[in-house]
Amino acid sequence: MSPRRTETGGRIDRLKTIRFTFDGASYTGHAGDTLASALLANGVTLYGRSFKYHRPRGLLTAGVEEPNALVTVLKGEVREPNVAATMVELHDGLVAVSQNRFPSLAWDVSAVNQLGGKLLSAGFYYKTFMGPVIGPLKGTRFWMFCEHFIRRAAGLGRAGSAADPARYERMNAFCDVLVVGSGPAGLTAAKAAADQGARVMLSELDPRFGGSANWSNETIDDLPAADWARRTVAQLEGYDNVRLLPRTTVWGYYDSNTLAALERVTDHKETPGKGEPRHRYWAIRARSVVLATGAFERPLVFPGNDRPGVMLAHAAERYANEFGVLAGQTVALFTNNDSAYRCALALKKAGARIAAIVDVRSELSGEMRKLAEETEAEIFPGHAVIATEGGKALSGVKLQRFDMTNGTFTGDSRSIHADCLLMSGGWSPTIHLASQAGAKAQWNAARQAFLPPKPTQNWIGAGAFTGSFSTAEAMIEGRAAGLAAAGAQATPAALPPVEAVACDPDPAPVFEIRASGKSFVDFQHDVTSEDVRLAHREGFVSVEHLKRYTTLGMATDQGKNSNVPGLAIMAEALGKPIPEVGTTRFRAPFAPVSIGSLAAERFGDLKPERLTPMHDWHVANGATMYSAGLWYRPMIYGLAGETVEQAYVREARATRESAGIVDVSTLGKIAVQGPDAAEFLDRVYTNMFSTLAVGKARYGLMLREDGLAFDDGTTWRLGEQDFLMTTTTANAGKVMQHLEYFLDVVWPELKVHVTSVTDQWAGAAIGGPKARQILAGCVVGTAVDNAALPFMGIVHGQIAGVPVMICRLSFSGEMAFEVYCGADHGTHVWEALIEAGKPFGLVTYGLEALGTMRIEKGHVTGAEIDGRTTARDLHLDWMLSKKKPFIGSAMMDREGLISPDRLELVGLVSLDNRPLNGGAHIVEELDESNPHGSIGHITACCYSPALGKHIALALIKGGKARHGSRAHVSDPLRNRFGPVEIVSNHFYDPDGSRMHG
């Protein structure tokens, strides 16, 4: 027999023994155990170390709200940190380790932090920003010294780096009624809605449906509550219109009654079945929602309330009745309400000795006194626990007479031996989802709790969620909610009778016992009551500021235990009632969600490997490939022994001297067709396209609605109502969305159809002095001389028997042509062009050479069109038509967008002949010890083979006026400082003579 396992009882399978390890030690448990219950059954009391002080911590709860017993679960090389041991189902081979300790859980050197006292009080990390004002660590240098140590100490568990082999799924579901929570209220609601023919989904975060029925020891319909729950679930399983989702946490409530849920499909299995995912993410769209999420029991705030062995009363009752495990052999209880008495009786029946019941209330009801007598416990009404005794386990408690009206103590203190102290500070309805759905929680003075807000979406509450804590009330509300959610009229009906202990649900308004010693409000973040008062003294009195300054209710806790006690202490400090102080808005997720489940089947496809039609040719011919957005493109075609710089310099120089060819299949290509296509393009682009002749192309610029530059590219007019728009590679998807939005929402009357045809075309750009000769040697069906194919002209012909479309335009500054053909023929045409270019010294070049030539020419790309620049900043104001309105024209002349000191595009030349770095700042006066005074930054840089210098494009304040002046590059992260000259961004062939031929 395990040290604390009861001889009988519980919902576990005692015939099935399960072996697992915790911190390397081997243990056994039973099917139906959680890691927490199995360790508790084996006499383990120490589960973790606290976040800041590294104090020893034991179990506080039995459910998802557990703040202390956070462990790391290991599966091979994969580690999942910060998992509540109360939510880990036991299975053969389970391996778990404690966290936030060194060298071991029992002996943690960081426990010395407890001596830090006020140095580690609330906001200590913020205060290190300020630092001392004397010595070498003055100002921010003190923070920079401390930052390393603070960052190393931050966090609890350590994330793993091994690839996760698990599979995840994503599901979309639609239902008439979603019921969240399967306690008596939720089960009754689900059955009532299902009986009306509604499509019902019932979610339960635990493995067993039934909620409190599994551990309350009540009787429903002459059956033990747990048996009644099983019978009801069996009935629901027989309905065709009901879907049951155990192990499913509904973690987010969004607009239009859309809820997010996480189903833990195989976490409880040693080996998943074939094809089974680990987690399944559900996006549920429900016509109506029934929230039957229950309530969380609150801890009381008193000195030593975090010692291992101090636990919430209902958690101990659940461990005894559901798992057959005693929280302690000799138990004391400390309460401000009636529910603890029922827990005391449950533990007495399970075999524990109840040493004492300490109640802050001086007057007890006859029913509670009778229950206390049945437990054979000594009763201490009008008393409070003022301290706990012990080290890594509880050995006793100290109590003293207490006047709850003024918080004073009288008489001598008294010690009572106990290895477990159960506390109950009242109940807080689990209103997280309702809060996420919108509106403000409502304070209820009788319940001393925040109740759900008035619904702003189509949801209905039932049971403890609404503050109705008795099972009979919960079932009445559940039935009414189920009928209403299904659209049926509530009719009188006899519900199953309930036999339960009659408890007054209203607690005494006592949240804290102010005595000597650390009293914890938030166990997960080591926030004490004094931290809350310190926040008040330092002016952080807003609930939002309180949360962030003290970290109260942050991370995985999200205020489940600590929210109301913390607000109550702040309210007392302010001298205001709790509802006036208010509460924070709960936010998603309600409980931690695996990132894998959010990606689901899309894992690996979020950044797919998009390959051009000529990809295999590039690889076979020595190209070094790299990712450019979603595409893989050649970086260089390096020769043996060449560096990247040597390769791109060779490629760019050869292109300028003779000819080069580059794969441009990745450019976004959008077919814009219809009677109003020209009108649409006039509205989309800043310049005119309706005047463009058929068979010609024009360079265009798009603005966002706020007047800032969005994208640029050429658009070709193939017919009166047929245009081919090209966009930058990175912005293809965004531009498509942009066009569709305006056609669908703003101008639905326009007769225009847009189609993404990026993948239908293969493209090659061939440029250089010999480019036209190369084309003339392989193109048939059309001439390519200046008369037939002028600048921005379009012709149709064939290359190697394949139809092609050729436009004369340039990105490199040389005479150049873009050749498009069907994607399936891309490699064939590419090889034909290369073969035709061999006599002329044609080279293939990659993105590095392409970028070099575009920087030399001063063309802009996404590095300059960065969402902050305007057409004027980029010297493209000549493209702003004054004859028509266009997207962004109404906003582009705002005062801030035409200010003379805006960042403008310029060129830079390195004066020390050293490379420049993208992102480096430009300053007028160099100060290497204290870099400051930035007037702009570098957007793109390279070594220019045409100029024989290191050059860059940059955005500089008042840039054009600075042409010919000198400045300095200031790049402290890469230790690069030096002089530069500010020049025009058109380094090469500024008059365009080479491009126009």
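Remark: Arg199 fails to qualify as a cation-pi partner of Tyr239 under the 6.0 Å distance and 45° angle criteria applied to the six-membered ring.
Between the side chains of Ser594 and Arg278, not a single donor N or O lies within less than 3.5 Å of an accepting N or O. A donor atom on one side chain and an acceptor atom on the other are found under 3.5 Å apart for Ser339 and Trp427. Residues Thr61 and Asn561 have side chains that never bring a donor and an acceptor to within less than 3.5 angstrom of each other. The closest side-chain donor-acceptor pair between Asp267 and His91, if any, does not fall under 3.5 angstrom. Under the 3.5 Å distance criterion, with hydrogens and angles disregarded, no donor-acceptor pair is assigned to the side chains of Glu317 and Trp215. Asp359 and Thr335 are not linked by any side-chain donor-acceptor pair at a separation below 3.5 angstrom, with hydrogens and angles left out of the test. Defined by atom type and a distance below 3.5 Å, a donor-acceptor pair is missing between the side-chain atoms of Glu473 and Ser468.
The existence of a salt bridge linking Glu297 and Lys560 is excluded, since no basic side-chain nitrogen approaches an acidic carboxylate oxygen closer than 4.0 Å. In this structure, Arg318 pairs ionically with Asp206, as a charged nitrogen and a carboxylate oxygen lie closer than 4.0 Å. One finds a salt bridge joining Arg361 and Asp338 here, because a Lys/Arg side-chain nitrogen approaches an Asp/Glu carboxylate oxygen to under 4.0 Å. For the pair Arg55 and Asp526, the salt-bridge criterion is not met [side-chain N within less than 4.0 Å of a carboxylate O]. For Glu65 and Arg298, the salt-bridge test fails: no basic side-chain N is under 4.0 Å from an acidic carboxylate O. Between Glu89 and Arg247 there is a salt bridge, since a side-chain N of the basic residue sits under 4.0 Å from a carboxylate O of the acidic one.
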> After noting the C-alpha distance and the side-chain angles of Arg285 and Asn172, does the key distance pass the side chain to side chain donor-acceptor pair (under 3.5 Å) rule?
Replying inline: CA-CA 8 Å; Arg285 293 161 180 87; Asn172 289 284; 3.1 Å; yes
>> Go through it in stages, so that I can follow the logic: the residues are Tyr341 and Leu333, the test is side chain to side chain contact (heavy atoms under 4.5 Å, CB included), and I'd like the CA-CA distance, side-chain angles, deciding distance and then a yes or no.
In response: CA-CA 8 Å; Tyr341 290 82; Leu333 290 96; over 6 Å; no
>> Checking Glu544 against Arg585 for the salt bridge (Lys or Arg N to Asp or Glu O under 4.0 Å) test, could you report, in this order, the C-alpha distance in whole Å, the side-chain angles of both residues, the deciding distance, and whether it holds?
In response: CA-CA 9 Å; Glu544 295 291 349; Arg585 176 73 62 84; over 6 Å; no
>> Run Val501 and Glu367 through side chain to side chain contact (heavy atoms under 4.5 Å, CB included) and show every step you take.
In response: CA-CA 9 Å; Val501 176; Glu367 291 85 352; over 6 Å; no
> Between Leu244 and Phe209, is a side chain to side chain contact (heavy atoms under 4.5 Å, CB included) present by the stated rule, with each step listed?
Replying inline: CA-CA 9 Å; Leu244 301 178; Phe209 290 96; 3.7 Å; yes
> Under the side chain to side chain donor-acceptor pair (under 3.5 Å) criterion, do Gln99 and Asn82 qualify, and how do the steps go?
Replying inline: CA-CA 8 Å; Gln99 48 190 43; Asn82 300 329; 2.6 Å; yes
>> For a side chain to side chain contact (heavy atoms under 4.5 Å, CB included) check, start with the C-alpha distance between Leu546 and Val541, then their side-chain angles and the critical distance, and finish with the verdict.
In response: CA-CA 6 Å; Leu546 169 66; Val541 296; over 6 Å; no
>> Applying side chain to side chain donor-acceptor pair (under 3.5 Å) to Thr466 and Glu477, what does each step give before you reach the verdict?
In response: CA-CA 9 Å; Thr466 67; Glu477 289 189 357; 2.7 Å; yes
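Judged by distance alone, with hydrogens and angles left aside, the side-chain atoms of Asn336 form no donor-acceptor pair with the main-chain N or O of Val360 at under 3.5 Å. No donor-acceptor distance shorter than 3.5 angstrom exists from the side chain of Glu499 to the backbone of Pro497, with no hydrogens or angles considered. The closest donor-acceptor contact from the side chain of Ser435 to the backbone of Phe586 lies under 3.5 Å. Formation of a donor-acceptor pair under 3.5 Å by the Gln448 side chain with backbone atoms of Ala445 is found in this model. In this structure, Ser288 contributes its side chain and Ala485 its backbone to a donor-acceptor pair below 3.5 Å. Judged purely by atom type and a 3.5 angstrom limit, Asn257 uses its side chain to pair as donor or acceptor with the backbone of Ala286. The main-chain N or O of Phe523 is found under 3.5 Å from a side-chain atom of Arg57 such that the two form a donor-acceptor pair. Under a 3.5 Å cut-off, the side chain of Gln442 and the backbone N or O of Pro453 do not form any donor-acceptor pair. Under a 3.5 Å cut-off, the side chain of Ser562 and the backbone N or O of Asp522 do not form any donor-acceptor pair. Of the possible donor and acceptor atoms, one in the side chain of Gln457 sits under 3.5 Å from a partner among the backbone N and O of Ser256.
Phe590 has its ring centre no less than 6.0 Å from the ring centre of Tyr253. For Trp251 and His432, the ring centers are positioned 6.0 Å apart or more.
More than 12 heavy atoms of other residues, nucleotides or ligands lie within 6.0 Å of CZ in Arg287, so this atom counts as buried by the packing criterion. Atom CZ of Arg231 has more than 12 neighbouring heavy atoms from other residues, nucleotides or ligands inside a 6.0 Å radius.
Between Ile460 and Leu291, every side-chain heavy-atom pair lies at or beyond the 4.5 Å cut-off. Contact check for Glu204 versus Leu202: no side-chain heavy atoms found under the 4.5 Å cut-off. Put simply, the side chain of Pro505 reaches to within 4.5 Å of the side chain of Arg447, judged on heavy atoms.
Partner of Arg264 under the side chain to side chain contact (heavy atoms under 4.5 Å, CB included) criterion, chosen from Thr249, Thr248, Val88: Thr249.
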